[in-house]
Amino acid sequence: SMLELRVKDLEEQRKERGVTVTLSAAARTEILKRAAEQRAYGARPLKQIVERQLSDAIVEAELDGRIAEGDAVTINWDAAQGAFVASKVP
C-alpha cells in the first residue's frame with residue numbers, strides 16, 4: 001500500500017541509526033483518516049503526515065531516550081495527547 005511505501009521511506013531516512021518502524025493499528029487508522037480528509041490533494045497528505053508527524057515522533061523519542069540506535073520502533077496514536085508516539089518494541 002502507499003502507506004507501507006511511505007513508512008519504508010521513513011525507515012530509509014533513519015537507516016544510519018538502524019531504526020526499523022512499524023505502525024500500530026490505531027496509528028494506521030488515524031493516518032488514513034487524516035489523509036482521506038484531504039483526498040483532494042492525492043497522496044501528498046499521506047506523505048506529509050509520515051514525513052512530518054511520524055518522523056517528529058521518532059526524533060522526540062530519541063531525544064527523550066525512549067529509543068536508541070538499532071531499536072525496533074512502534075508508532076502508536078495517542079488519542080488523549082492527540083499525537084503520534086514512538087516507543088521501543090519490548
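The two residues Pro45 and Ala35 make their nearest non-hydrogen contact at CB-CA, 4.3 Å. Heavy-atom minimum distance, Ala86 versus Ala61: O-CB, 3.5 Å.
Residues satisfying the side chain to side chain contact (heavy atoms under 4.5 Å, CB included) criterion with Ala68, sequence neighbours excluded, are Asp71. Applying the side-chain hydrogen bond (donor to acceptor under 3.5 Å, both in side chains) test to Ser55 and every residue at least two apart in sequence or in another chain returns nothing. For Gln81, the side chain to side chain contact (heavy atoms under 4.5 Å, CB included) criterion is met by Asp78, Ala83, Val85, not counting sequence neighbours. For Asp9, the salt bridge (Lys or Arg N to Asp or Glu O under 4.0 Å) test picks out Arg6, with sequence neighbours left out. Residues passing the side chain to side chain contact (heavy atoms under 4.5 Å, CB included) test with Asn76 are Ser24, Ala26, sequence neighbours excluded. Every residue two or more places apart in sequence or in another chain that forms a side chain to side chain contact (heavy atoms under 4.5 Å, CB included) with Val21 is listed here: Val7, Leu10, Glu11, Val19, Ile58, Ile75. Residues forming a salt bridge (Lys or Arg N to Asp or Glu O under 4.0 Å) with Glu4 (at least two apart in sequence, or on another chain): Arg28. By the side-chain hydrogen bond (donor to acceptor under 3.5 Å, both in side chains) test, Arg52 pairs with no residue at all, sequence neighbours left out. Legend: residues meeting salt bridge (Lys or Arg N to Asp or Glu O under 4.0 Å) with Glu69, ordered by chain and number and at least two apart, are Arg17. Listed by chain and number, the residues in a side-chain hydrogen bond (donor to acceptor under 3.5 Å, both in side chains) with Gln53 are Arg34 (sequence neighbours excluded).
The distance from atom CG of Leu5 to atom CD of Glu12, rounded to the nearest 0.5 Å, is 12.5 Å. Atom-to-atom distance recorded for Ile67:CD1 and Glu62:CD is 4.5 Å, nearest 0.5 angstrom. Taking CG of Leu23 as the reference point, atom CD1 of Ile31 lies at 4.5 Å (rounded to 0.5 Å). Here the CZ atom belonging to Arg44 is positioned 13.0 Å from the CD1 atom belonging to Ile49, to the nearest 0.5 angstrom. A distance of 9.5 Å separates NZ in Lys47 from CE in Met2, rounded to the nearest 0.5 Å.
Judged as a ring pair (Phe, Tyr, Trp, His ring centres under 6.0 Å), the pairs with a partner in residues 64-90 (not counting sequence neighbours) are, in order, Trp77-Phe84.
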CA sep, side-chain torsions, deciding dist, call: Val73, Thr20, side-chain contact (heavy atoms from CB on, under 4.5 Å): CA-CA 6 Å; Val73 175; Thr20 58; over 6 Å; no

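Members clustered with Leu63: Val59, by chain and number, using a 4.5 Å side-chain heavy-atom cutoff among hydrophobic residues.
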